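The structure appears below as C-alpha cells.
For ligands, and for the atoms within them, numbers begin at 1 and follow the listed sequence. One is the number of the first residue; the rest follow in order along the sequence. No experiment lies behind these values; they were computed from the predicted model shown.
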Amino acid sequence: MQVTINQSTLELLEGDITQQDTEAIVNAANTTLLGGGGVDGTIHREGGPQILEECRKLNGCPTGEAKITGGGRLKARYVIHTVGPVYSGGGRGEAEKLASCYRRSLEVASANGVTSVAFPSISTGAYRYPIDEAARLALSTVMDYLKSHQDLREVRFVLFGQPAFDAYCEALRNLAA
Ligand code: AR6
C-alpha cells in the first residue's frame, strides 16, 4: 500500500528491514545502543561488527532520540538508531516519546542528506506498545513531517508479519480518508 504526500512516497510493505535498499534503515534500539534482540539483533547480525564498533562511541541514546552510524555490510548506507518507549499503560508520556522517535529519525536522516528511509514498527515488540495505536501515531507523525519537508523522497514502513502489516494498512486507510 502506498500514498503520495507532497511529492514524496509513503509505502507500507511486509518484510525484513535488513533487506531494504533505502539509503537508511531505522533500528528499534535500547538506550545502551549496544545491541539486543528483535530488529536490533537482526540488524547487528546482518550488518556485522562495524555497526557495534561505531555505536560504542555514541555513549548511548535517550528514549525518543536518534543517532546515526554507517550500515556496515547492509545494503543501506546508514543505520539510524532510535529508542522507543517501553509501554506501561500509556500514562507515562509513551505517545510523545514514540512520535519523537519518528520525528527525530527523519531529522537525523535529513541532516545527513538521506532521501529514503525504512522504518520498523518501533516499540511494538519487546516494548509492548499496542500495535493499532503505535501504527496510527507512527504514520501520522511521518505524514506531518512529509507535509512540511521536501527533502525526503521515500519513507517505507517494513512490517514483520501479516498482523503488523494489516494494522498499518488499516491505520493508513483511516488517516488518508
Ligand atoms: N524487520 C522488520 N521488523 C522486525 C524484524 C525485522 N527483521 N524483526 C522484528 N521486527 P522489537 P521494540 C518487528 O522487539 O519493541 C531489542 O532487544 C517486531 O515484530 O525489535 O522497540 C532492543 O535492543 C515488532 O513489531 O523492538 C530493545 O531492547 C517490531 O519489529 C528492545 O528490543 C519491534 O520489535 C526494543 O523493543
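Counting heavy atoms under 4.0 Å from ligand 1, residue Thr124 touches it through both backbone and side chain.
Residues Gly70 and Glu54 share a closest heavy-atom pair of N-OE1, 3.0 Å.
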Report, one line per pair, each donor and acceptor closer than 3.5 Å where one atom sits in a side chain of residues 82-90; sequence neighbours left out.
| residue | atom | partner | partner atom | Å |
| --- | --- | --- | --- | --- |
| Thr82 | OG1 | Glu65 | O | 2.7 |
| Tyr87 | OH | Gly89 | O | 3.2 |
| Ser88 | OG | Glu94 | OE2 | 3.4 |

Report all side-chain donor-acceptor pairs from residues 8-15 shorter than 3.5 Å, counting only partners two or more places apart or in another chain.
| residue | atom | partner | partner atom | Å |
| --- | --- | --- | --- | --- |
| Ser8 | OG | Leu152 | O | 2.6 |
| Glu14 | OE2 | Gln162 | N | 3.3 |

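Within a 6.0 Å radius of CZ in Arg77, other residues, nucleotides and ligands contribute 12 heavy atoms or fewer.
In this structure, atom 7 (N) of ligand 1 lies nearest to the protein heavy atom Asp16 OD1, 2.9 Å. The nearest protein atom to atom 13 (C) of ligand 1, hydrogens excluded, is given as Phe160 CB, 3.7 Å; this is a heavy-atom distance. Atom 1 (N) of ligand 1 has Ile17 N, 3.0 Å as its closest protein atom, hydrogens excluded (heavy atom only).
Ser116 contributes atom OG, which lies 11.5 Å from atom CD1 of Ile25 (distance to the nearest 0.5 angstrom). The CD1 atom of Ile43 sits 7.5 Å away from the OG1 atom of Thr18 when rounded to the nearest 0.5 Å. Atom-to-atom distance recorded for Gln150:CD and Ser110:OG is 11.0 Å, nearest 0.5 angstrom.
Within the structure, the closest approach of Ser123 to ligand 1 falls below 4.0 Å when heavy atoms are considered. The shortest heavy-atom distance from Thr18 to ligand 1 is not under 4.0 Å.
Within ligand 1, the atoms closer than 4.0 Å to a non-hydrogen atom of Gly37 are 16 (C), 17 (O), numbered from 1 in the order shown. Atom numbering of ligand 1 starts at 1 in the shown order; those under 4.0 Å from a heavy atom of Ser121 are 29 (C), 33 (C). Near Asp40, the atoms of ligand 1 lying under 4.0 angstrom from a non-hydrogen atom of the residue are 22 (C), 23 (O). Atoms of ligand 1 found under 4.0 Å from any heavy atom of Gly36 (numbered from 1 in listed order, with element): 17 (O), 23 (O).
In this structure, Phe157 and Phe119 have parallel ring planes: the angle between them is below the 30° cut-off, well short of the 60° mark.
Of the N or O atoms in Gly38, none lie within a sub-3.5 Å distance of an N or O in ligand 1. Ligand 1 has an N or O atom lying under 3.5 Å from an N or O atom of Val39, backbone or side chain. Distances between N or O atoms of Gly125 and those of ligand 1 include at least one value under 3.5 Å. Of the N or O atoms in Thr42, none lie within a sub-3.5 Å distance of an N or O in ligand 1.
The heavy atom nearest to atom 14 (O) of ligand 1, considering only Cys101, Ala28, Ala126, Ala164, is found in Ala126. Of the candidates Tyr87, Tyr127, Phe157, it is Tyr127 that places a heavy atom closest to atom 28 (O) of ligand 1.
A salt bridge is absent between Arg45 and Asp40: the closest approach of a Lys/Arg side-chain nitrogen to an acidic carboxylate oxygen does not fall below 4.0 angstrom.
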Show your reasoning for whether side chain to side chain donor-acceptor pair (under 3.5 Å) applies to Thr115 and Glu23. CA-CA 7 Å; Thr115 62; Glu23 287 172 52; 2.5 Å; yes
